[in-house]
Amino acid sequence: DSGVTQTPKHLITATGQRVTLRCSPRSGDLSVYWYQQSLDQGLQFLIQYYNGEERAKGNILERFSAQQFPDLHSELNLSSLELGDSALYFCASSATPGDLSYGYTFGSGTRLTVV
Amino acid sequence: QKEVEQDPGPLSVPEGAIVSLNCTYSNSAFQYFMWYRQYSRKGPELLMYTYSSGNKEDGRFTAQVDKSSKYISLFIRDSQPSDSATYLCAMRRFTGGGNKLTFGTGTQLKVEL
């Protein structure tokens with residue numbers, strides 16, 4: 001157990017729907033990162049939050065949004081889902097934005113299937 | 001062209017072999033380099049982390065960085081079936097970029113008995 005908790009583990013939904021993925025970072029970590037992993041694109045950075053504030057944005061679609069709450073858990077919202085959104089979504093955490101001595105700690109991911 | 005290139009494999013080796021995994025990158029701003037291991041249906045886990053050019057050893061694993069050639073390698077000695085996984089290189093800039101990591105697509109390794 002890495003200490004980063006992601007729920008749900010699996011999600012199957014229809015095109016056009018909206019889903020919310022949840023992440024609880026490792027105890028003491030203030031920074032949360034969201035990544036999308038697909039077979040052809042590998043791990044793609046979506047967005048980073050630090051202590052409740054957005055810190056960096058990657059190639060995140062406008063249909064996707066995220067937030068980090070005061071208790072530091074984070075949610076990734078995906079709306080108007082398309083077949084191409086099917087992927088593994090990972091959350092990772094680190095102690096501070098600059099502390100990468102030990103890299104990120106990843107959760108086990110949420111496997112999203114859009115049908 | 002992707003910022004980080006990694007041969008996807010798959011790479012199949014016999015138990016006990018020395019494995020060499022490689023990544024090339026195009027952005028000279030990358031200063032921190034990492035290797036992650038990802039088992040099927042699991043999240044990536046950090047194996048090695050290095051900043052400077054040269055070699056860094058940790059048990060059976062050696063990470064090598066050549067910044068002048070923009071080339072990094074991971075060597076696995078005495079490979080074991082339990083090393084069968086996908087290996088991802090990752091890197092980030094010294095400052096800026098929100099400290100995001102840029103990953104290679106991963107190399108799938110299978111160590112056979």
Side-chain angles (χ1 to χ4, degrees), chain A residues 1-7 9-10 21 23 25-26 29-51 53-60 66 87-111, chain B residues 1-10 21 23-25 27 29-52 56 58 61 63 65 72 74 85-108:
Chain A
D1 183 6
S2 68
V4 179
T5 304
Q6 287 189 250
T7 57
K9 291 194 186 307
H10 303 279
L21 312 183
C23 169
R26 197 177 50 167
D29 285 356
L30 299 178
S31 210
V32 169
Y33 310 79
W34 285 98
Y35 278 80
Q36 179 191 57
Q37 188 177 38
S38 58
L39 282 174
D40 56 342
Q41 291 292 322
L43 270 166
Q44 298 290 312
F45 172 71
L46 295 178
I47 198 163
Q48 176 199 357
Y49 279 84
Y50 173 69
N51 205 20
E53 294 188 3
E54 183 182 303
R55 193 66 178 242
K57 223 169 186 176
N59 297 325
I60 187 167
L88 267 170
Y89 290 84
F90 285 105
C91 168
S93 70
S94 66
T96 68
D99 179 12
L100 284 186
S101 301
Y102 300 98
Y104 297 165
T105 300
F106 279 86
S108 295
T110 294
R111 182 174 295 276
Chain B
Q1 184 189 4
K2 291 183 178 178
E3 283 188 294
V4 180
E5 298 280 355
Q6 185 175 8
D7 187 337
L21 304 166
C23 286
T24 58
Y25 62 96
N27 190 344
F30 288 137
Q31 295 293 321
Y32 293 91
F33 305 92
M34 295 156 216
W35 285 95
Y36 281 80
R37 177 176 62 196
Q38 185 176 21
Y39 291 113
S40 181
R41 300 183 180 277
K42 299 288 187 184
E45 56 177 329
L46 182 67
L47 275 179
M48 300 283 288
Y49 163 85
T50 184
Y51 169 68
S52 55
K56 181 177 181 180
D58 184 2
F61 298 91
V65 174
I72 68 170
L74 177 71
T86 297
Y87 290 80
L88 301 136
C89 63
M91 47 198 79
R92 77 166 179 102
R93 296 186 284 176
F94 182 65
T95 58
N99 300 303
K100 68 170 185 176
L101 292 181
T102 300
F103 285 84
T105 50
T107 299
Q108 188 179 353

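Just so you know, these numbers come straight off a predicted model, no measurement behind them. Naming: A, B, ... by sequence-line order, numbering from 1 per chain.
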Mark yes when over 12 heavy atoms from residues, nucleotides or ligands other than A:Asn59 sit less than 6.0 Å from its CG; otherwise mark no. no
Could you state the interatomic distance from [atom1] ([X]) to [atom2] ([Y]), rounded to the nearest 0.5 Å?
X	Y	atom1	atom2	answer
A:His10	B:Arg41	NE2	CZ	6.5 Å
A:Gln37	B:Thr86	CD	OG1	8.0 Å
B:Leu46	A:Ser94	CG	OG	12.0 Å

Choice from B:Lys2, B:Gln38, B:Gln6 maximising heavy atom contacts with chain A below 4.5 Å: B:Gln38
Given heavy-atom pairs under 4.5 angstrom as the criterion, report whether the side chain, backbone, both or neither of A:Gln44 touches chain B. neither
Contact part of B:Glu45 toward chain A, heavy-atom cut-off under 4.5 Å: side chain, backbone, both or neither? neither
Over 60° means perpendicular and under 30° means parallel, so tell me whether A:Tyr104 and B:Phe103 are parallel, tilted or perpendicular. tilted
So which atom in B:Lys42 and which in A:Phe90 form the shortest heavy-atom distance, rounded to 0.1 Å? O-CZ, 3.6 Å
